[in-house]
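Reviewing the structure listed below.
Below, all heavy atoms of this structure are taken into account, side chains as well, without hydrogens, waters or symmetry copies. If you read the sequence from its start, that first residue is 1, and numbering goes on from there.
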Amino acid sequence: MIGPKLYFDRTTGEVILTIPEQNNASAVETTKEQDFIMFDVLSARNPEAVDFIQLLYGQYRSDFEIANSWKVDLKTGQILFEYPKFETPISEQLLLLREANEELKVENKDLKLALAESVEAQQQDKIENQLAIAELVETLTTKEVL
């Protein structure tokens, strides 16, 4: 069993060829020179401008299955995978927005009701305060007369 081999451009890190892993007991590892003879995409390039990474069997298997593309970070030698971006379908987004809108309508109605109750309570407090002031004024006026 042989792991995947990635050939990449030494100046950009762009992967030129990914040779998939081989799950075969009779699989034989090939040299760079042999790969340049076997693969046209490599033979069209200068071997000095191309390098490769030989991975272990199974290494990054799920990443290779899911990723859209990959390249090599020239500074670290690590493989950088680019994964698909999964977006919520528009129909589902619309449904979520409608639900949120309904929730906001209910919340708005509740807030308006609470505000009206608060205003009513303030009006009642204002009337009670005015009556209390009137009684106080009457009491003070009556005491001065006595």
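W70 is connected to Y83 through a chain of hydrophobic side-chain contacts under 4.5 Å among Ile, Leu, Val, Met, Phe, Trp and Tyr, so both are in one cluster. One hydrophobic cluster, built from ILVMFWY side chains closer than 4.5 Å, cannot hold both I19 and L6; they sit in different ones. L17 and I37 are members of different hydrophobic clusters when ILVMFWY side chains are connected at heavy-atom separations under 4.5 Å. Cluster annotation: V15 is connected to I66 through the hydrophobic network of ILVMFWY side chains, with a link wherever side-chain heavy atoms come within less than 4.5 Å. Hydrophobic cluster membership is shared by L55 and V72, with clusters built from Ile, Leu, Val, Met, Phe, Trp and Tyr side chains linked at under 4.5 angstrom.
Closest approach of Q59 and F64 over heavy atoms only: O-CE1, 3.9 Å. When all heavy atoms are compared, the tightest approach of P84 to A67 is CD-CA, 4.4 Å. Minimum interatomic distance between A27 and Q22 (heavy atoms only, all atoms of both residues): CB-OE1, 3.3 Å. Nearest heavy atom pair, residue V50 against residue R10, reads O-NE, 3.4 Å.
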If you apply the rule side chain to side chain contact (heavy atoms under 4.5 Å, CB included), what do you find for T31 with Q34, and how did you get there? CA-CA 5 Å; T31 65; Q34 290 170 323; 3.2 Å; yes
Verdict with supporting geometry, L140 and V137, side chain to side chain contact (heavy atoms under 4.5 Å, CB included): CA-CA 5 Å; L140 289 174; V137 168; 5.8 Å; no
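The line from CD of Q130 to CG of D125 is 11.5 Å long, rounded to the nearest 0.5 Å. The distance from atom CG of L113 to atom CG of N108, rounded to the nearest 0.5 Å, is 11.5 Å. Taking CD of E107 as the start and NZ of K105 as the end, the distance is 14.0 Å to the nearest 0.5 Å. Considering CD of E33 and CE of M38, their distance stands at 11.0 Å, rounded to 0.5 Å. Between M1 atom CE and S26 atom OG the span is 12.0 Å, to the nearest 0.5 Å. In this structure, the separation between CG on L56 and CD1 on I2 is 12.0 Å, given to the nearest 0.5 Å.
Around the CD atom of E120, the shell of radius 6.0 Å holds no more than 12 heavy atoms that belong to other residues, nucleotides or ligands. When the shell of 6.0 Å around CD of E99 is examined, it contains more than 12 heavy atoms from other residues, nucleotides or ligands. Counting non-hydrogen atoms of other residues, nucleotides and ligands closer than 6.0 Å to CG of L136 gives a total above 12.
Side-chain atoms of E82 do not come within 3.5 Å of backbone N or O of S69 as any donor-acceptor pair. Counting only distance, with no hydrogens or angles, the side chain of E14 and the backbone of K71 share no donor-acceptor pair below 3.5 Å.
Classification of the Y7-F52 ring pair by plane angle, with boundaries at 30° and 60°, yields tilted. Between Y60 and F81, the ring-plane angle classifies as tilted under the 30° and 60° cut-offs.
Using a 4.5 Å heavy-atom threshold, the side chains of E29 and Q54 count as touching. Between E102 and V106 the shortest side-chain heavy-atom distance does not fall below 4.5 Å. Looking only at side-chain heavy atoms (C-beta outward), I16 and R45 come within less than 4.5 Å of each other. Side-chain contact between K5 and T30 is present, with at least one heavy-atom pair separated by less than 4.5 Å.
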